[in-house]
**Student:** 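Have a look at the structure that comes next, please.
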Amino acid sequence: MTNNKIMFTNKTKSLFLSSVVVLSMASCGDKHNDPGTEFAANMYHSVGYEPLSQTEGDTNHINPYGMNMRLPVKGTVPRQYYEQAIKKDSIDGDLLQMDLVARNIKSGDMASSEALLTNPFEPTEANIEAGKLQYERYCIHCHGEAGKGDGAVAKIYKGVPVYSSDALKNLNDGHIYHTITHGKGRMWAHGSQISSADRWKIVLYVHQLQQAP
Amino acid sequence: MKRLKIVALTAVLSFVASVVSVKAQDAAEGEQIFKNNCAACHATSDEVLVGPGLKGISGRRPIDWIVKWVHNPQAVIASGDKYAVDLYNKYNKAQMTAYPNLSEAQIKGVIAYIDAQAAPVAAAATGAAPATGAAPAEGSSNGGMMQYIMIALLLVMVLVLVALLSIVSSLSKLANVSPDSPEAQQIPLFQRIAENGKKIATNSAFKTGAALLITLLIGKATIDAAYGVGIHQGYAPEQPIQFSHKLHAGQYQINCNYCHTGVYKGKGANIPSANICMNCHNAIKRESPEIQKIYRSLEKDEPIQWVRVHNLPDLAYFNHAQHTNVGGLECTNCHGEIAKMEVVQQRSTLTMGWCIDCHRKTDVNAKGNAYYDKLVELHNKDHKETLKVQNIGGLECSKCHY
């Protein structure tokens with residue numbers, strides 16, 4: 001083989017070389033770590049601060065690790081429902097009231113949650129259906145479809161209880177809300193992932209599962 | 001007096017009868033109770049889940065103790081019972097749930113069930129076999145696929161053979177010297193090839209052909225490269241932690257939204273922070289070096305720096321909630337089968353043409369959305385086709401460009 005190459009004329013050599021170039025250009029896309037050529041690259045690696053972006057070179061000098069996101073200041077409460085709060089009968093108002101109470105309950109204080117928190121959402125069909133949807137997104141892989149503790153992850157995670165068991169079938173609104181928000185025992189806190197409105201809707205659906213045979 | 005005696009006698013009789021059947025019936029009720037209440041933390045074998053395996057518990061502990069324990073484990077520990085305290089410490093102070101409402105008979109039923117389970121272990125093992133046997137069944141459906149692949153391979157091999165034969169024949173032509181040349185056999189092979197090659201190369205038809213071929217190839221490569229500028233399709237960078245969607249979203253069926261918390265609510269889908277991983281990895285695979293990286297990140301309060309895969313230029317605006325929540329699109333429409341990917345790869349081009357193309361073809365998800373009712377009504381008045389995204393302004397520059 002190598003002998004063959006030696007005898008190549010200049011012309012065939014250039015043909016060979018150009019085919020190598022062509023092949024390597026065509027195979028550029030196969031390099032998984034290379035995003036490829038970029039025209040106006042600074043449009044992709046933005047100078048403006050995007051929440052999750054990785055800026056190259058011009059990183060954020062104010063925040064640690066060049067992050068563009070920061071945690072909210074401790075103790076602050078989002079005011080997204082603030083205007084509705086004055087309107088007494090709106091669901092947003094009820095939700096804000098409940099939020100303000102819940103945020104003042106410490107993570108270890110299950111008793112206060114049980115005593116003070118009630119679900120601002122009525123158990124209407126639409127609300128329960130919405131709760132089911134959120135349950136399927138956040139809880140089902142551990143607690144299982146019917147709340148029997150038989151989700152796909154439960155086998156590995158272990159210790160996931162049955163909602164309709166004697167110990168859990170009478171848990172009230174506040175207890176379940178507290179469990180989702182701050183965790184309990186082996187279950188860790190899910191409050192950072194789920195909005196408080198969705199947590200309350202999930203509580204409605206868990207009540208359904210507690211009654212299941 | 002007589003009557004009373006008979007009553008007493010039947011009572012005794014029925015009591016005996018119930019004692020006889022107690023084992024079977026209680027064990028059945030016990031199974032129900034065990035599965036509902038205890039199975040989350042205890043196995044009926046030796047296996048440790050959250051608490052110890054309960055095999056042989058009736059031999060290990062007196063029945064009174066077990067009843068007291070199940071009614072209120074914390075009280076037993078607090079009472080200073082040495083066995084209980086040692087056990088509690090051995091299991092890292094994991095708290096067992098209290099079951100004050102279980103009657104003594106029910107707890108005995110549970111123990112009867114555990115004892116009954118302990119005997120036929122072999123039967124349980126064979127019972128489990130068919131479940132794992134499901135995988136080979138899937139493999140046999142692959143067998144059909146295999147045949148096609150084999151046939152395709154055979155075809156390719158035949159083609160290669162033909163190509164090789166033609167190369168050999170042309171090479172032998174090259175190597176040939178006119179037979180009347182006496183010193184034909186003296187000229188070395190390669191010199192012969194070179195001389196014949198030169199003859200062919202000077203042939204003008206061959207020259208133009210080769211030139212044409214080269215320009216065509218270079219031209220195609222240039223055009224391909226130009227079209228590829230700014231397109232990251234196929235990009236699948238190595239990540240700082242070998243996180244697998246195939247394992248998490250595929251095998252363990254964790255919903256995308258569990259980790260990508262913003263995907264139905266906001267513009268960005270969000271990448272999970274380490275505390276979300278910890279919801280499971282506080283217990284799962286703690287010793288794995290990849291998981292240790294999560295712990296290190298938390299200890300140092302340092303974010304995990306994932307490498308971004310999908311990235312639109314700053315000039316374009318894309319919103320997830322509009323597409324997933326309002327439009328009802330699946331992740332697979334744009335990202336491909338993420339749940340089957342070991343490493344995330346960008347499957348779509350993310351060009352403007354790609355966005356526009358879909359907006360031309362896709363119906364607006366107007367069902368059950370009162371916001372669109374009037375629009376649909378107006379649209380249906382003078383159009384035959386259904387309401388597409390382009391009809392609600394999905395092609396207007398300002399919708400996607402700030």
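We use all heavy atoms of the structure for the numbers below, so side chains are in, but hydrogens, waters and symmetry mates are not. Convention: sequence-line order gives letters A, B, ...; per-chain numbering from 1.
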**Student:** For Ala167(A) and Ala98(B), which heavy atoms make the closest approach, and how far apart are they?
**Tutor:** CB-O, 4.4 Å
**Student:** Is Val160(A) in contact with chain B via its backbone, its side chain, both, or neither, using a 4.5 Å heavy-atom distance?
**Tutor:** backbone
**Student:** With a 4.5 angstrom heavy-atom cut-off, is it the side chain or the backbone of Tyr99(B) that approaches chain A, or both, or neither?
**Tutor:** side chain
**Student:** Can you check whether Tyr252(B) reaches His141(A) side chain to side chain, under 4.5 Å on heavy atoms?
**Tutor:** no
**Student:** Contact part of Gln345(B) toward chain A, heavy-atom cut-off under 4.5 Å: side chain, backbone, both or neither?
**Tutor:** side chain
**Student:** For chain A, find which of Glu238(B), Gln251(B), His281(B), His42(B) contributes the most heavy-atom pairs closer than 4.5 angstrom.
**Tutor:** Glu238(B)
**Student:** Quick one: what part of Gln95(B) sits under 4.5 Å from any heavy atom of chain A, side chain, backbone, both or neither?
**Tutor:** neither
**Student:** For Lys300(B) and Tyr65(A), which heavy atoms make the closest approach, and how far apart are they?
**Tutor:** O-OH, 3.7 Å
**Student:** Against chain A, label Leu102(B) side chain, backbone, both or neither, depending on which of its atoms sit under 4.5 Å from a heavy atom there.
**Tutor:** side chain
**Student:** Heavy-atom count around Gln242(B) CD within 6.0 Å, excluding the residue itself: above 12?
**Tutor:** no
**Student:** Atom OH of Tyr235(B) and atom CG of Asn33(A): how far apart are they, to the nearest 0.5 Å?
**Tutor:** 7.0 Å
**Student:** Are there more than 12 heavy atoms of other residues, nucleotides or ligands under 6.0 Å from atom CE of Met110(A)?
**Tutor:** yes
**Student:** Can you tell which part of Lys265(B) gets under 4.5 Å to a heavy atom of chain A, answering side chain, backbone, both or neither?
**Tutor:** side chain
**Student:** Which atom pair, heavy atoms only, marks the closest approach of His190(A) to Asn279(B)?
**Tutor:** NE2-ND2, 3.5 Å
**Student:** Classify the side-chain pair Asn255(B)/Tyr138(A) by whether it contains a donor and acceptor separated by less than 3.5 Å.
**Tutor:** no
**Student:** Less than 4.5 Å to any heavy atom of chain B: does that hold for the side chain of Ala154(A), its backbone, both, or neither?
**Tutor:** neither
**Student:** Can you measure from CD (Gln253(B)) to CD (Glu136(A)) and round to the nearest 0.5 angstrom?
**Tutor:** 12.0 Å
**Student:** With a 4.5 Å cut-off on heavy-atom pairs, point out which of Asn270(B), Ile33(B), Asn282(B), Val343(B) contacts chain A the most.
**Tutor:** Asn282(B)
**Student:** Indicate whether the side chain of Asp166(A) and that of Asn36(B) have a donor and an acceptor atom separated by less than 3.5 Å.
**Tutor:** no
**Student:** Within this structure, what is the SG-OH distance for the pair Cys142(A) and Tyr258(B), rounded to the nearest 0.5 Å?
**Tutor:** 6.0 Å
**Student:** So, do Lys158(A) and Cys41(B) sit near enough that their side-chain heavy atoms are less than 4.5 Å apart?
**Tutor:** no
**Student:** May I ask you to name which of Thr97(B), Asn257(B), Asn311(B), Asp224(B) has the most heavy-atom pairs under 4.5 Å with chain A?
**Tutor:** Asn257(B)
**Student:** Is there side-chain contact between Val162(A) and Asn37(B), with at least one heavy-atom pair below 4.5 Å?
**Tutor:** no
**Student:** Does atom CD of Glu145(A) have more than 12 heavy-atom neighbours from other groups under 6.0 Å away?
**Tutor:** no
**Student:** If you look at every heavy atom in Tyr157(A) and Cys280(B), which pair is closest and at what distance?
**Tutor:** CE1-O, 3.5 Å
**Student:** Between Asp301(B), Asn101(B), Ile231(B), Val309(B), which shows the greatest number of heavy-atom pairs under 4.5 Å with chain A?
**Tutor:** Asp301(B)
**Student:** Is the closest side-chain donor-acceptor distance between Gln193(A) and Asn275(B) under 3.5 Å?
**Tutor:** no
**Student:** Please check if atom NZ in Lys220(B) has more than 12 non-hydrogen atoms from other residues, nucleotides or ligands closer than 6.0 Å.
**Tutor:** no
